[in-house]
Amino acid sequence: MNSPEQPLPTFDEVLLCTPQTSAEQVGLFLRRCLIPCRGGEEKIYTMLYADELSYDVSCRAEELFQHLQCYSSSYRLVILCNCERDNSYLPSAFSHYKVHMIPQRPRAEIQQYLQRHFRVAQPSNSAASVFKEHVCVGIVSSKRAGMGK
């Protein structure tokens, strides 16, 4: 988010982990991240909720990371975890790389950036017509659980 024109991450740069995420999915993601390609694009790869991975998948991911790390010294990998679950396997294995991140931009600037990139160019009969300013994503919340969100 260094400039308003900088694009959002593409589908191949993000892995959203769940307890059902397979070792194969994590392996493909790590290979994209750690094995340099000819295009030379400097992407930032992100594993979200890596603490959700099963123990077996986490162990295999760490082994593969150690094996593939020799292919590139300039990889960019961010592993985001729930701070309440940082004692699970993968966050513990990578704990020596841990960085407590504080957003470098004001909240309003981050919101403006996201709003710009999630806006539908031509309003149509899509879900974007429901949200303010024709944005194609939104968060619906309630202070009371089970109130028909």
Side-chain angles (χ1 to χ4, degrees), residues 1-121 126-128 130-131 133-143 145-146 149:
M1 200 187 109
N2 291 329
S3 75
E5 288 76 38
Q6 190 173 12
L8 292 168
T10 57
F11 71 93
D12 65 326
E13 293 175 85
V14 178
L15 178 64
L16 180 61
C17 301
T18 67
Q20 290 74 37
T21 302
S22 69
E24 181 181 7
Q25 290 171 307
V26 175
L28 290 170
F29 179 78
L30 289 174
R31 283 179 178 83
R32 278 196 303 265
C33 173
L34 296 168
I35 298 175
C37 63
R38 293 185 183 168
E41 291 183 70
E42 292 194 10
K43 295 182 175 186
I44 300 174
Y45 293 89
T46 307
M47 289 179 71
L48 297 171
Y49 305 117
D51 53 294
E52 297 271 333
L53 294 173
S54 70
Y55 180 80
D56 183 47
V57 171
S58 295
C59 290
R60 292 176 62 187
E62 182 196 15
E63 289 172 11
L64 184 60
F65 176 83
Q66 299 300 336
H67 175 73
L68 294 175
Q69 195 176 16
C70 65
Y71 287 100
S72 175
S73 60
S74 63
Y75 61 89
R76 295 168 155 193
L77 176 62
V78 177
I79 301 174
L80 296 174
C81 303
N82 182 338
C83 64
E84 295 173 0
R85 292 180 39 98
D86 65 351
N87 59 345
S88 59
Y89 186 86
L90 212 55
S92 296
F94 289 91
S95 63
H96 55 284
Y97 297 109
K98 184 187 285 188
V99 175
H100 290 282
M101 208 280 299
I102 298 171
Q104 300 296 309
R105 304 271 192 225
R107 183 179 185 170
E109 194 175 319
I110 294 170
Q111 288 174 330
Q112 187 178 27
Y113 170 83
L114 291 173
Q115 190 173 40
R116 180 172 188 255
H117 287 283
F118 285 122
R119 184 172 289 131
V120 174
S126 72
V130 174
F131 295 110
E133 299 180 21
H134 299 288
V135 176
C136 63
V137 296
I139 297 174
V140 178
S141 66
S142 173
K143 293 183 191 274
K149 294 184 281 301

Trainee: List in chain and number order the residues that pass salt bridge (Lys or Arg N to Asp or Glu O under 4.0 Å) with Arg32, two or more places apart in sequence or in another chain; answer none if no residue qualifies.
Mentor: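 For Arg32 there are no salt bridge (Lys or Arg N to Asp or Glu O under 4.0 Å) partners, ignoring immediate neighbours.
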Trainee: Do Leu77 and Leu30 come close enough that some side-chain heavy atom pair is under 4.5 Å?
Mentor: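 Contact flag for Leu77/Leu30 side chains = yes.
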Trainee: Closest heavy-atom contact between Tyr75 and Gln69?
Mentor: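 Smallest interatomic distance, heavy atoms only, reads OH-NE2, 3.1 Å.
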Trainee: Indicate the atoms forming the closest heavy-atom contact of Leu80 with Leu48, along with that distance.
Mentor: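 Nearest heavy atoms, Leu80 then Leu48: CD1-CD2, 3.3 Å.
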Trainee: Please tabulate, for the side chains in residues 59-68, all donor-acceptor contacts under 3.5 angstrom to protein atoms that are two or more places apart in sequence or on a different chain.
Mentor:
{"from": "Glu62", "atom 1": "OE1", "to": "Tyr89", "atom 2": "OH", "distance (Å)": "2.3"}

Trainee: Taking all non-hydrogen atoms of both residues, which atom of Asp51 and which atom of Cys81 are closest, and how far apart?
Mentor: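 Distance-wise, the nearest heavy atoms are OD1-CA, 3.2 Å.
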Trainee: With sequence neighbours left out, write down each residue that passes salt bridge (Lys or Arg N to Asp or Glu O under 4.0 Å) with Asp12, or none if nothing qualifies.
Mentor: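 Lys43.
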Trainee: Is the count of non-hydrogen atoms from other residues, nucleotides or ligands lying under 6.0 Å from Phe94 atom CZ greater than 12?
Mentor: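 For Phe94, atom CZ is crowded (more than 12 foreign heavy atoms under 6.0 Å).
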Trainee: May I ask you to check whether over 12 heavy atoms, not counting those of Gln112, lie within 6.0 Å of atom CD?
Mentor: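 12 or below, so no.
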Trainee: Got a second to check how far Met47's CE is from Gln25's CD, nearest 0.5 Å?
Mentor: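 Going from the CE atom of Met47 to the CD atom of Gln25 covers 10.5 Å.
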Trainee: If you define the side chain from C-beta out and look only at heavy atoms, does anything of Leu28 sit under 4.5 Å from Val26?
Mentor: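 Counting from C-beta outward, Leu28 and Val26 never come under 4.5 Å.
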Trainee: For the residue pair Leu90 and Ala50, what are the closest heavy atoms and their distance?
Mentor: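 Reported closest heavy-atom pair: CD2-CB, 3.9 Å.
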Trainee: Kindly compute the distance separating CD (Glu109) from CD (Gln104), expressed to the nearest 0.5 Å.
Mentor: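 Separation between the atoms: 11.5 Å.
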Trainee: Got Leu16 and Tyr49 here, is their nearest side-chain heavy-atom distance under 4.5 Å?
Mentor: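 The answer is yes; the side chains approach within 4.5 Å.
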Trainee: Taking side-chain hydrogen bond (donor to acceptor under 3.5 Å, both in side chains) as the definition, give me every residue that meets it alongside Ser95, ordered by chain and number, with sequence neighbours left out.
Mentor: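 So Ser95 forms no side-chain hydrogen bond (donor to acceptor under 3.5 Å, both in side chains) with any residue.
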Trainee: Mind checking what makes salt bridge (Lys or Arg N to Asp or Glu O under 4.0 Å) contact with Arg76, not counting sequence neighbours?
Mentor: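 In terms of salt bridge (Lys or Arg N to Asp or Glu O under 4.0 Å), with neighbours along the sequence ignored, Arg76 is linked to Glu42.
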Trainee: With Arg31, which residues qualify under side-chain hydrogen bond (donor to acceptor under 3.5 Å, both in side chains), at least two apart?
Mentor: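 Not a single residue meets the side-chain hydrogen bond (donor to acceptor under 3.5 Å, both in side chains) criterion with Arg31.
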Trainee: Other residues, nucleotides and ligands only: do more than 12 of their heavy atoms fall within 6.0 Å of OH on Tyr97?
Mentor: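 Above 12, so yes.
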